[in-house]
Participant: 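This is the structure I want to talk about, given as structure tokens.
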Amino acid sequence: MAPQGPAGAHPSSAEPLSRSIFRKFLLMLCSLLTSLYVFYCLAERCQTLSGPVVGLSGGGEEAGAPGRGVLAEGPRELAVWPAAAQRTRLLQLRQWRRRRRPARREGGEEAAWEEETPGLAGSPGGSGAGSSVAEAAPGTLALLLDEGSKQLPQAIIIGVKKGGTRALLEFLRVHPDVRAVGAEPHFFDRSYDKGLAWYRDLMPRTLEGQITMEKTPSYFVTREAPARISAMSKDTKLIVVVRDPVTRAISDYTQTLSKRPDIPTFESLTFKNRTTGLIDTSWSAIQIGIYAKHLEHWLRHFPIGQMLFVSGERLISDPAGELGRVQDFLGLKRIITDKHFYFNKTKGFPCLKKAEGSSKPHCLGKTKGRTHPEIDREVVQRLREFYRPFNLKFYQMTGHDFGWDG
């Protein structure tokens, strides 16, 4: 009988077999990983799917309903779905597209939209201005966002600065048939040389029947903007949010003061000569409020019926009423009503009871509704006298008395 080896030792004949099994295991593992990688790369490059695919499972709030997935199909397949299914799909997509909003806007301005709940800073970017909400896997999210196509805007909020344009845009984005870019593109005043292709690429994707919008308040006072927008499309609908020019000028100054505390006083900037009472119309805060002068340039390229003038004051006192006029002007069904708003006494502004893609109330951010500095009453009265003839002409041109001189 052959002597046994030391205790715990394996027969030498077993060693080649063990190594062979290990090599086969490694080979199978490498093949599996390679197959997964190839599948992942192919999935990332797919632009359309042959049928509905569950994008998320158990996504809870993110998916729009606890324990349910989000259906994601390619743009061509979406057309075969019934109208009701398309609407449901659209609302699901809007929840995803609106989860994140840019925390800062051009020029360093803070987010203009925030969660009403203390300690939560919201940030609606189709449009579109940070959130800690978890996101889907990159591949799944890409499929969700690849639906629809990017279009040049059919409607633009062209002004005016400090009139209420941000509030109007955020309120409009509640409507399922409105898609808007969040940040101000400034294409027709600062970036026109980049071309329409660049401009179109800034826009959010839209489905058939949706309206693409943007807002840049400085367009209204830009001499070249009317001709440039007309060259893009003579059918573009234009919305102008206007406000008492005196209050608007003070608000404009207040915003600048918050960024540059060392600027001269409002009174010293208002007058060329305080003794004679001559107003300095070269100061932008004053110049913007001469609405009739700016409107003349627009009427050379667009008929008055293609423009809607929204009252900034009524946008605060009766947001649903003003939004009703805007929805009619855009040819939209009146979906945004009184039930969407409540008045926040602290801020002095209406807020959304429930913004799209969120279960919490939303209000304009800290940069909106700043407390205005105390202005000499004589200065305010002189400004009202200065603006009165321009206001009356503006009322005649628009066929609407905004009541700033009552």
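None of these values were measured; they are calculated from a predicted model. In what follows, every heavy atom counts, from backbone to side chain, and hydrogens, waters and symmetry copies are set aside.
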Participant: Closest heavy-atom contact between Pro373 and Thr254?
Facilitator: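 Pro373 and Thr254 have their closest heavy atoms at CD-OG1, 3.1 Å.
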
Participant: Please report the shortest heavy-atom distance between Lys161 and Pro217, naming the atom on each side.
Facilitator: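 That would be N-CB, 3.5 Å.
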
Participant: Given side chains that start at C-beta, do those of Val160 and Val240 come closer than 4.5 Å, heavy atoms only?
Facilitator: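 Heavy-atom side-chain distance check passes, below 4.5 Å.
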
Participant: For Tyr219, which of His294, Glu214, His186 qualifies under side-chain hydrogen bond (donor to acceptor under 3.5 Å, both in side chains)?
Facilitator: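 Of the listed options, the one satisfying the test is Glu214.
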
Participant: Tell me, do Phe309 and Tyr291 make a side-chain contact under 4.5 Å, heavy atoms counted?
Facilitator: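 Side chain of Phe309 against side chain of Tyr291, heavy atoms only: no contact under 4.5 Å found.
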
Participant: side-chain contact (heavy atoms from CB on, under 4.5 Å), that's the test. Do Ile288 and Trp283 meet it? Break it down for me.
Facilitator: CA-CA 9 Å; Ile288 291 173; Trp283 184 28; over 6 Å; no

Participant: Keeping the roles fixed (side chain from Ser233, backbone from Asp235), state whether a donor-acceptor pair exists under 3.5 Å.
Facilitator: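 Yes: the side chain of Ser233 pairs with the backbone of Asp235.
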
Participant: Charged N to carboxylate O under 4.0 angstrom, Asp405 versus Arg384?
Facilitator: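 Salt bridge flag = no for Arg384 with Asp405.
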
Participant: Please give me the minimum heavy-atom distance between Tyr253 and Pro264, naming the atom from each residue.
Facilitator: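 In this case the closest contact between Tyr253 and Pro264 is OH-O, 2.9 Å.
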
Participant: I would like to know whether Val221 and Gln287 meet side-chain contact (heavy atoms from CB on, under 4.5 Å); could you show each step before the answer?
Facilitator: CA-CA 9 Å; Val221 297; Gln287 189 181 76; 5.7 Å; no

Participant: Measuring from Leu207:CG to Asp177:CG, what's the distance to the nearest 0.5 Å?
Facilitator: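 Here the interatomic distance stands at 9.5 Å.
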
Participant: Do the side chains of Phe390 and Pro245 get nearer than 4.5 Å, heavy atoms only?
Facilitator: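 A side-chain contact under 4.5 Å is absent here.
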
Participant: To the nearest 0.5 angstrom, please state how far the CD atom of Gln210 sits from the NE2 atom of His175.
Facilitator: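 These two atoms lie 10.5 Å from each other.
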
Participant: Assess whether a salt bridge exists between Arg382 and Glu267, defined as any Lys/Arg side-chain N lying under 4.0 Å from an Asp/Glu carboxylate O.
Facilitator: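 A salt bridge is absent here (no side-chain N lies under 4.0 Å from a carboxylate O).
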
Participant: Quick one: closest heavy-atom pair of Gly164 and Leu315, and the distance?
Facilitator: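 So the minimum-distance heavy-atom pair works out to O-CD2, 3.5 Å.
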
Participant: Atom CD of residue position Glu378 - does it have more than 12 heavy atoms of other residues, nucleotides or ligands inside 6.0 Å?
Facilitator: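 Counting other residues, nucleotides and ligands, CD of Glu378 stays at 12 neighbours or fewer.
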
Participant: Testing the 3.5 Å rule here: is there a donor-acceptor pair between the side chains of Lys333 and Gln327?
Facilitator: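 No, no side-chain donor-acceptor contact under 3.5 Å.
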
Participant: Sub-3.5 Å donor-acceptor pair from the side chain of Lys237 to the main-chain atoms of Phe329, do we have one?
Facilitator: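 Flag set: sc Lys237 to bb Phe329 pair under 3.5 Å.
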
Participant: Within this structure, what is the CG-CD distance for the pair Asp376 and Glu374, rounded to the nearest 0.5 Å?
Facilitator: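 Going from CG on Asp376 over to CD on Glu374, the span is 9.0 Å.
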
Participant: Between Ser311 and Arg314 (side chain of the first, backbone of the second, donor and acceptor by atom type, cut-off under 3.5 Å), is there such a pair?
Facilitator: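 It does hold such a pair.
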
Participant: Determine the interplanar angle of the Tyr192 and Phe187 rings, folded into 0 to 90°, and report it as parallel if under 30°, tilted if 30 to 60°, perpendicular if over 60°.
Facilitator: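 It falls in the tilted class, 30° to 60°.
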
Participant: Would you give the length of the straight line joining atom OG1 of Thr212 to atom CG of Leu202, rounded to the nearest 0.5 angstrom?
Facilitator: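 Interatomic distance, Thr212 OG1 to Leu202 CG, rounded to 0.5 Å: 12.0 Å.
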
Participant: Does a donor on one side chain sit under 3.5 Å from an acceptor on the other, for Asp280 and Ser282?
Facilitator: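 Present: a donor and an acceptor within the cut-off.
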
Participant: Indicate the ring-plane relationship of Phe402 and Trp404, choosing parallel, tilted or perpendicular according to the 30° and 60° boundaries.
Facilitator: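 The arrangement is parallel - the two ring planes meet at less than 30°.
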
Participant: Are Glu296 and Lys393 close enough, and set up right, to give a salt bridge (charged side-chain N to carboxylate O under 4.0 Å, His left out), and what steps lead you there?
Facilitator: CA-CA 11 Å; Glu296 288 177 346; Lys393 184 177 180 180; 2.5 Å; yes

Participant: Determine whether Leu36 and Thr34 make a side-chain contact, defined as any pair of heavy atoms from C-beta on separated by less than 4.5 Å.
Facilitator: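 Of all side-chain heavy-atom pairs linking Thr34 with Leu36, none is under 4.5 Å.
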
Participant: Do the non-hydrogen side-chain atoms of Leu238 and Phe302 ever get within less than 4.5 Å of each other?
Facilitator: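 SC-SC contact between Leu238 and Phe302 confirmed.
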
Participant: Compare every heavy atom of Arg166 with every heavy atom of Gly182, then report the nearest pair and how far apart it is.
Facilitator: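 Residues Gly182 and Arg166, closest heavy atoms: O-NH2, 2.9 Å.
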
Participant: So, taking the atom named CG in Asp328 and the one named CG in Leu323, what distance separates them when rounded to the nearest 0.5 Å?
Facilitator: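 CG of Leu323 is found 10.5 Å from CG of Asp328.
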
Participant: Are any of the side-chain heavy atoms of Leu295 and Met307 separated by less than 4.5 Å?
Facilitator: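 When only atoms from C-beta onward are counted, Met307 and Leu295 do touch, with a gap below 4.5 Å.
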
Participant: Tell me the closest heavy-atom pair linking Gln151 and Gln154, and the distance in Å.
Facilitator: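 Scanning both residues completely, I find the closest heavy atoms to be CB-NE2, 3.8 Å.
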
Participant: Where the side chain of Arg205 meets the backbone of Ser149, is there a donor-acceptor pair that is under 3.5 Å apart?
Facilitator: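 Side chain of Arg205 to backbone of Ser149, a donor-acceptor pair under 3.5 Å: no, none is there.
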
Participant: Keeping Ser230 on the side-chain end and Pro226 on the backbone end, is there a donor-acceptor pair under 3.5 Å?
Facilitator: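 Side chain of Ser230 to backbone of Pro226, a donor-acceptor pair under 3.5 Å: no, none is there.
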
Participant: One pair to check against side-chain contact (heavy atoms from CB on, under 4.5 Å): Arg274 and Val379. What are the steps and the verdict?
Facilitator: CA-CA 9 Å; Arg274 179 69 184 269; Val379 175; 3.6 Å; yes

Participant: Begin from the C-alpha positions of Ile304 and Met397 and carry the test side-chain contact (heavy atoms from CB on, under 4.5 Å) through to its verdict.
Facilitator: CA-CA 8 Å; Ile304 194 70; Met397 296 171 75; 5.6 Å; no

Participant: Using modelled atom types and a 3.5 Å cut-off, is there a donor and acceptor pairing between side-chain atoms of Ser251 and backbone atoms of Thr247?
Facilitator: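 Absent.
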
Participant: With no hydrogens and no angle check, just 3.5 Å: does a side-chain donor-acceptor pair link Tyr387 and Asp244?
Facilitator: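 Judged by distance alone, the side chains do not pair up.
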
Participant: For the atom pair CD1 (Ile316) and CD (Glu322), what is the distance rounded to the nearest 0.5 Å?
Facilitator: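 Taking CD1 in Ile316 and CD in Glu322, the distance rounds to 11.0 Å.
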
Participant: Side chains of Met203 and Tyr199: does their closest heavy-atom pair fall under 4.5 Å?
Facilitator: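 Yes, close enough: below the 4.5 Å cut-off.
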
Participant: Quick one: do Arg243 and Asp252 make a salt bridge, cutoff under 4.0 Å?
Facilitator: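 No, Arg243 and Asp252 are not salt-bridged.
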
Participant: So, do Pro204 and Arg179 sit near enough that their side-chain heavy atoms are less than 4.5 Å apart?
Facilitator: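 SC-SC contact between Pro204 and Arg179 confirmed.
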
Participant: Under the side-chain hydrogen bond (donor to acceptor under 3.5 Å, both in side chains) rule, what do Ser268 and Thr265 come out as? Steps first, then yes or no, please.
Facilitator: CA-CA 5 Å; Ser268 62; Thr265 64; 3.1 Å; yes

